[in-house]
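Please read the structure below before turning to the comments.
Whatever order the structure lists ligands and atoms in, that order sets their numbers, starting from 1. Just so you know, these numbers use all the heavy atoms, side chains as well, and skip hydrogens, waters and symmetry mates.
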Amino acid sequence: MDRRQFVGKSALGVLAGTIGLDVVFSHKLPPGYVPLYLQDPDPYKLFKKDSEMVVLNDKPWNMEAQAHLLNDKITPNKYMFIRNNGKIPENIDASTWTLTIDGESATNKKTYSLQELKNKFKPYTYQLTLECGGNGRSEFDPPAKGNQWTVGAVSCANWTGVRLRDVLQDAGVQSDAVYIGYHAADTHLSGDPNKEPISRGVPLAKAMQDETLLAFQMNGKDIPLAHGFPLRLVCGGWPASASGKWINGISIRNQVHDGAKMGGSSYRVPCESVSPGTTVDDANMCIIESMPVKSLITSPKSGALIKEDQPLNINGHAWAGELQVAKVEYSIDFGSSWHVCHLEAAANRLAWQHFDAQIDFPKKGYYEIWAKATDQNGISQPMVLPGWNPKGYLNNACHRIAIKVV
Ligand SMILES: Nc1nc2c(c(=O)[nH]1)N[C@H]1C(S)=C(S)[C@@H](COP(=O)(O)O)O[C@H]1N2
Ligand SMILES: [Mo]
């Protein structure tokens with residue numbers, strides 16, 4: 001129920017009805033004022049998030065983690081960022097939920113209930129890294145519009161579901177298929193039921209990968225509502241906008257999917273780099289695919305006080321889209337010299353990798369710890385902001401934390 005409309009339409013009679021009391025001074029309520037009783041509930045309670053999570057927007061809900069909250073190897077719900085483009089669907093009934101496969105390149109249009117998907121296809125579980133394409137946007141200059149993500153729009157949870165490939169093949173994929181596009185149950189902020197807030201997709205090759213899931217569980221439980229209950233697409237290693245939540249349709253396309261937020265500057269960057277602030281023609285913008293190499297120091301928390309003569313253990317995660325991370329290094333002298341960290345292999349393809357190191361500081365004072373990951377192709381994170389783009393995507397500059405040795 002949309003609480004604002006609710007107040008507009010049937011107003012205070014209904015309010016009085018729901019609380020079973022008269023609103024005594026109802027004739028004094030300023031027009032348009034929403035009584036506290038009907039205002040948006042506490043997002044931390046609503047989404048079961050930790051109180052250190054940071055709300056960036058409430059219409060729609062967008063929330064990010066701080067670096068030190070992401071220390072777990074597998075991200076629990078309470079620390080998982082939320083990125084919504086529209087309104088979260090309400091009153092979902094998983095027992096009547098369906099997924100329809102259609103599109104020009106589908107042999108058959110086919111509809112599956114959730115139960116049919118679970119019964120008919122084999123389940124798989126993978127740890128999959130999901131990073132919002134706009135993570136790090138807040139640092140671009142000139143600034144880019146949109147949620148001002150700092151470092152916390154990334155997660156790596158355990159996702160369980162069926163392979164998208166198995167479902168697509170069951171419906172039948174024609175030889176001219178090149179792309180898939182998702183359709184979902186969230187609604188446009190304008191309230192227009194004919195407008196999708198977002199309908200993105202991936203090339204067929206990505207859709208057919210082993211790890212591309214139609215997931216119904218996150219970390220061994222039903223997916224939390226904000227993260228796509230009861231069914232979501234998970235395309236690890238790509239901008240997380242490709243991982244549609246609340247999925248009820250997949251179209252098999254004979255052209256690049258042209259749904260909402262596939263064109264213009266949405267999730268697209270200049271094909272060739274441009275100087276900051278340049279206006280770029282749509283024709284010269286390219287869709288973001290695999291995300292670039294990146295890392296995050298998750299312990300200690302920036303600002304930590306360290307005792308002199310005590311080695312400091314640092315740890316964090318590194319990821320590189322479709323690629324593996326080959327090396328993570330740290331520096332305590334502003335990038336003059338680098339030291340190799342211990343790096344673990346990924347639990348599976350498209351999962352982030354954990355790194356750690358033990359650092360000795362020469363004497364008391366202020367230090368910064370910088371981390372830099374390098375992918376299997378030898379490409380490293382930049383120490384300064386990478387290529388400016390109109391919407392502020394793909395900032396994979398080195399993460400830095402401040403330390404005081406006392
Ligand atoms: N249906 C739907 N799917 C969606 C979105 C959305 O607004 N609606 N946002 C996308 C974007 S931009 C991101 S970054 C991820 C965020 O996933 P999360 O909220 O589970 O962390 O969901 C993607 N899937
Ligand atoms: Mo995103």
**Nearest-neighbour protein heavy atom for atom 6 (C) of ligand 1, which is reported as residue plus atom name and distance** = I198 CG2, 3.4 Å
**Asked** How close does the nearest protein non-hydrogen atom get to atom 3 (N) of ligand 1, and which residue and atom is it?
**Response** K245 N, 2.9 Å
**Asked** If you count the atoms of ligand 1 from 1 in the order shown, which ones are under 4.0 Å from a heavy atom of G244?
**Response** 3 (N), 24 (N)
**Message:** Among all protein heavy atoms in this structure, tell me which lies nearest to atom 23 (C) of ligand 1, with the distance rounded to 0.1 Å.
**Reply:** A240 O, 3.2 Å
**Message:** Counting neighbours of CD on E289 that are heavy atoms of other residues, nucleotides or ligands and sit closer than 6.0 Å, is the number greater than 12?
**Reply:** yes
**Fill in**
The protein heavy atom nearest to atom 12 (S) of ligand 1 is Y267 OH, 3.1 Å
**Complete:** shortest atom 17 (O) of ligand 1-to-protein heavy-atom contact is with R232 NH2, 3.3 Å
**Any donor-acceptor pair under 3.5 Å from N389 side chain to V269 backbone** = no
**Complete:** Heavy-atom proximity to atom 5 (C) of ligand 1 ranks first, among N85, I82, T75, for N85
**Request:** Using only heavy-atom distances, determine whether the side chains of Q115 and K118 contain a donor-acceptor pair under 3.5 Å.
**Result:** no
**Prompt:** Are the side chains of Y112 and I101 in touch, meaning some heavy atoms are under 4.5 Å apart?
**Reply:** yes
**Request:** Using atom types as modelled and distance alone, determine if a side-chain donor or acceptor of H399 lies under 3.5 Å from a backbone N or O of I297.
**Result:** yes
**Request:** Check the angle between the aromatic planes of H354 and H317 and answer parallel, tilted or perpendicular using the 30° and 60° thresholds.
**Result:** perpendicular
**Asked** What is the ring orientation for W370 with W338, classed by angle as parallel under 30°, tilted 30 to 60°, or perpendicular over 60°?
**Response** tilted
**Polar contact flag for R83 and ligand 1 (N/O pairs, less than 3.5 Å)** = yes
**Prompt:** By number and element, which atoms of ligand 1 are closer than 4.0 Å to a non-hydrogen atom of A184?
**Reply:** 1 (N)
**Message:** So, regarding S241 and ligand 1 (criterion: nitrogen or oxygen to nitrogen or oxygen, under 3.5 Å), is there a contact or not?
**Reply:** no
**Asked** What about F81: any of its N or O atoms under 3.5 Å from an N or O on ligand 1?
**Response** yes
**Message:** Within the 4.5 Å heavy-atom criterion, are F216 and L117 side-chain neighbours or not?
**Reply:** no
**Asked** Parallel, tilted or perpendicular: which describes the rings of F81 and W149, with under 30° parallel and over 60° perpendicular?
**Response** perpendicular
**Message:** Counting neighbours of OH on Y366 that are heavy atoms of other residues, nucleotides or ligands and sit closer than 6.0 Å, is the number greater than 12?
**Reply:** yes
**Request:** Within a distance under 4.0 Å of any heavy atom of C132, pick out the atoms of ligand 1 and give their elements.
**Result:** 14 (S)
**Prompt:** Would you say K327 has more than 12 foreign heavy atoms packed within less than 6.0 Å of its NZ?
**Reply:** no
**Item:** Atoms in ligand 1 with a heavy atom of S243 nearer than 4.0 Å
**Value:** 22 (O), 23 (C), 24 (N)
**Taking atom 2 (C) of ligand 1 as the reference point, the nearest protein heavy atom with its distance** = D186 OD2, 3.3 Å
**Prompt:** So is there a nitrogen or oxygen of W246 less than 3.5 Å from a nitrogen or oxygen in ligand 1?
**Reply:** no
**Asked** Numbering the atoms of ligand 1 from 1, which are under 4.0 Å from a heavy atom of N84?
**Response** 7 (O)
**Request:** Please identify which atoms of ligand 1 are closer than 4.0 Å to at least one heavy atom of H227.
**Result:** 18 (P), 19 (O), 20 (O), 21 (O)
